[in-house]
Amino acid sequence: MTTADVKVVEVVAALIFDQDRLLVCQRGLQSSFPLKWEFPGGKVEKGEAHEVALRRELKEELGIQARCLKEVFQNAHFYPGIARVHLTFFQVMDYSGDVSNRVFHKIRWISIRQLEQLDFLEADLPLVQKLSSTPAKGIIL
């Protein structure tokens, strides 16, 4: 399989802050990359806008309705033999509902300085490093 044969997957993810804490999620035992940490979100369906996909994913995974999204970061990562993933990260500026874990092994609210202590998906690491070096609380860009 050449890199030209590898499927490209569009993924959206959310940065949800509660004051100076950020929501992170641990993948389940039965998922691909079991027990890796990530930001909530998921795959964009064919013909679906990124913001629509993220709102759908957040409703399914956490039971919240995101009202205001701000795109803050993009990254591409190649998982050999699996896919090339294009990620678009959004900061959730406002949402309604109470965050509840509907699909993950665990969810946690952590401080930015704790991010690098968790075993994140490789595709998320550039953002984790950027966040860890950003002094402002709750604001990415």
Side-chain angles (χ1 to χ4, degrees), residues 1-46 48-141:
M1 176 183 294
T2 67
T3 56
D5 298 328
V6 174
K7 68 180 176 177
V8 175
V9 180
E10 288 290 329
V11 174
V12 288
L15 302 178
I16 304 171
F17 287 91
D18 179 12
Q19 297 180 19
D20 63 345
R21 298 180 310 152
L22 180 61
L23 184 68
V24 294
C25 305
Q26 189 177 39
R27 296 171 74 91
L29 288 167
Q30 305 305 318
S31 68
S32 55
F33 307 104
L35 301 181
K36 289 281 193 174
W37 288 89
E38 65 181 351
F39 299 103
K43 295 177 187 172
V44 178
E45 295 176 0
K46 187 175 182 176
E48 190 175 39
H50 285 79
E51 293 87 349
V52 171
L54 186 55
R55 285 185 173 97
R56 174 183 50 76
E57 289 286 346
L58 294 176
K59 184 72 172 168
E60 292 170 5
E61 295 177 348
L62 302 171
I64 62 172
Q65 183 62 48
R67 291 193 287 246
C68 183
L69 303 172
K70 177 184 175 187
E71 184 178 325
V72 294
F73 193 77
Q74 290 187 10
N75 186 41
H77 184 78
F78 177 61
Y79 288 102
I82 301 173
R84 176 170 297 284
V85 180
H86 290 166
L87 295 103
T88 304
F89 295 89
F90 292 86
Q91 183 171 348
V92 177
M93 307 304 287
D94 186 39
Y95 67 89
S96 61
D98 295 322
V99 172
S100 62
N101 182 2
R102 295 185 172 185
V103 298
F104 297 103
H105 183 68
K106 292 180 188 174
I107 63 172
R108 289 177 49 195
W109 293 97
I110 64 170
S111 70
I112 297 295
R113 69 180 184 280
Q114 293 174 296
L115 285 173
E116 291 184 325
Q117 297 170 12
L118 298 176
D119 185 18
F120 269 88
L121 289 168
E122 288 181 32
D124 288 350
L125 290 177
L127 180 58
V128 167
Q129 292 166 351
K130 181 176 176 57
L131 288 168
S132 297
S133 65
T134 302
K137 295 179 183 175
I139 303 295
I140 305 308
L141 299 173

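Each residue takes its place number in the sequence, starting with 1.
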Donor-acceptor pair, side chain of Asp20 and main chain of Ser111, under 3.5 angstrom: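 Not confirmed, Asp20 side chain does not pair with Ser111 backbone.
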
Side chain Arg102, main chain Glu60, donor-acceptor under 3.5 Å: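 A pair under 3.5 Å: no.
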
Work out which heavy atom in [X] is nearest to a heavy atom in [Y]; give both atom names and the distance.
X	Y	answer
Leu58	Pro40	CD2-CB, 3.9 Å
Ile112	Leu131	CG2-O, 3.1 Å
Gly41	Glu61	O-OE2, 2.6 Å
Lys43	Arg56	O-NH2, 3.0 Å
Ala53	Glu48	CB-OE1, 3.3 Å
Tyr95	Ala66	CB-CA, 3.9 Å

Single hit among Leu23, Val99, Asp98 for side-chain contact (heavy atoms from CB on, under 4.5 Å) with Ile64: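 By the side-chain contact (heavy atoms from CB on, under 4.5 Å) criterion, Ile64 pairs with just one of Leu23, Val99, Asp98: Val99.
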
Phe33: partners by ring pair (Phe, Tyr, Trp, His ring centres under 6.0 Å), with sequence neighbours left out: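 By the ring pair (Phe, Tyr, Trp, His ring centres under 6.0 Å) rule, Phe33 matches Tyr79.
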
side-chain contact (heavy atoms from CB on, under 4.5 Å) between Trp109 and Ile16, intermediate numbers included: CA-CA 9 Å; Trp109 293 97; Ile16 304 171; 3.8 Å; yes

Look up atom [atom1] in [X] and atom [atom2] in [Y], then write down how far apart they are to the nearest 0.5 Å.
X	Y	atom1	atom2	value
Arg84	His77	CZ	NE2	9.0 Å
Leu118	Leu35	CG	CG	12.0 Å
Trp37	His105	CH2	NE2	8.0 Å
Lys106	Asn101	NZ	CG	11.0 Å

Side chain to side chain, Glu71 and Phe90, heavy atoms closer than 4.5 Å: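 Side-chain contact under 4.5 Å: yes.
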
Which residues share a side chain to side chain contact (heavy atoms under 4.5 Å, CB included) with Ala13, sequence neighbours left out: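 Listed in chain order: Phe39, Phe89.
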
Any pair counted as side-chain hydrogen bond (donor to acceptor under 3.5 Å, both in side chains), so long as it reaches residues 21-32, sequence neighbours left out: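 Matches after skipping sequence neighbours: Asp18-Arg21, Arg27-Ser32, Arg27-Glu38.
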
Test side-chain contact (heavy atoms from CB on, under 4.5 Å) applied to Gln129 and Glu116, step by step: CA-CA 7 Å; Gln129 292 166 351; Glu116 291 184 325; 4.1 Å; yes

side-chain contact (heavy atoms from CB on, under 4.5 Å) between Val92 and Leu69, worked out: CA-CA 5 Å; Val92 177; Leu69 303 172; 3.7 Å; yes

side-chain contact (heavy atoms from CB on, under 4.5 Å) between Leu87 and Leu127, worked out: CA-CA 10 Å; Leu87 295 103; Leu127 180 58; over 6 Å; no

